[in-house]
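Start at 1 and go down the list; that is how both ligands and their atoms are numbered.
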Amino acid sequence: MPVTGFLIRHIQWPLMERLKENRTRHYFRELQQAQEISREQLRERQSQRLGQLLSHAVRKVPAYASYASEWEHRSITPERFLQRMPVLTKTHFRLHADEYLPEGMNAAKLIGNRTGGSTGEPTRFYLDRPAVERYEAARWLGLSWHGIRIGDPCVMIWGSPLELNQQQATKYRWKERWLKNRLLLSAYELDERRLETHLTLIQRFRPAYLYGYASALSTLAEMMLSRGWTVGVPLKGVVSTAESLHEHQRQKIEEAFQAPVINEYGARDGGIIAYQCPEGRMHAFSENCFLEVVDPITNLPLYPGESGVLLVTDLHNTVMPRLRYQLGDMVALSADSCSCGISYPLLAAIDGREDDMFISQSGQYVHGHYFNHIVRNLESFRTFQIIQHEPQRLSLKLVKEPGRFRSADEDRLLTGIRTALGEVSVQVAYVDQIAPTGSGKFRYAIRECPLTTAQPLE
Ligand SMILES: [Zn+2]
């Protein structure tokens, strides 16, 4: 649909800028210019922005007011000062959200948002238009690294907007289709019966790229490959977002769609944090956010290359500043520079959610990928889900691979689990399928108990 893309770029966006004072393209150009400057200059700009945010937070935001005098008399950099402040957990923020609104702020004028609540209670928070537009700009910049432009046609494979009624849903789809050039396919409706219809829709729409959850994209890819089908439309890329992308998923998606997978790293309550470049590395938008990685128990900072808990400070959210916000992901930073020429700093790894991290009987952390790796090496199971309810008590759901199931594989899997976690009790159940969470995401490994309840190392 080249006409729609042209109209969006040359008519709709300039109009939005004129009438609604939308500044996304302005922020896009700012971010684009910044990717050319030196790493040192980027760091200085980031430090300056962090200083402005801290100044604002300690003066205006009740939650940070107790730091005001210390801030006035500081002799250290904003980065060091930030390290002295507490880590902000989602639970603390949810219970004390009002304290993070600056004095005199009228919340009615802000943009309310909340996390999907796929794990526990949803978190509610506020943003303003400029903050949202900066996230959008970061996404467009990341996409531009792969030749994707504003207004290019996109097929989104997404959770249905379930909260909408029929009339709202029709309006939503219309807006998506004609104002954003996006065709929405529901992640809930991906099944064998509808596969052909979905593919026909994609082929008629001729998208420049696909966008969706890693699990939804790879499920679709798997179904296509099992029938020997490919998409038949030249794509610039397939953007995977909102979940950790496993290597086996990446391979299947690339094979079925015959296009590179582009990993987007972001969160509703964290913005667009990093994007994969054409060299396959993740660049963090240091103009928009300040990232720290700390030890999950001690909260002490970790060195580049070491995986720990990610803390995000959104540098532009002045209407509800959240300093050192613990997003819930395990990440490693990197001190390397990238051969693609983009100056934005790199993430060495995104290891998935903290909730995917299990705790062994001896107090070691075991990442959910570990179980995934074992299951992938056994032919008996199509998919699985493992839940650690308490350090000693787990449950395991298994979906058999028809015609390939051998009961000895269950023993092998249990041995693998106990090798990593110790003598734990595992309740095994065979099921026909494993449903995604309420927001349409799929999770292999879920820990329900806190990381700290395990016995300490002796
Ligand atoms: Zn790069």
* Does Glu448 have any side-chain contact (heavy atoms from CB on, under 4.5 Å) partners at least two apart in sequence or in another chain, and if so, which? -> Ile387, His389, Ile446

* Parallel, tilted or perpendicular: ring planes of Phe93 versus Tyr325, cut at 30 and 60 degrees -> perpendicular

* Verify the distance criterion only: is there a donor paired with an acceptor across the side chains of Ser360 and Ser362 at less than 3.5 Å? => yes

* Structure fact -> Protein-derived N, O or S atoms lying less than 2.8 Å from the Zn ion (ligand 1), waters not counted, sum to 4

* **His26 versus Glu30, side-chain donor and acceptor atoms under 3.5 Å** => yes

* Enclosure of Tyr126 OH (heavy-atom neighbours >12, cutoff 6.0 Å) -> no

* May I ask you to check whether Tyr209 and His146 place their ring centres under 6.0 Å from each other? => no

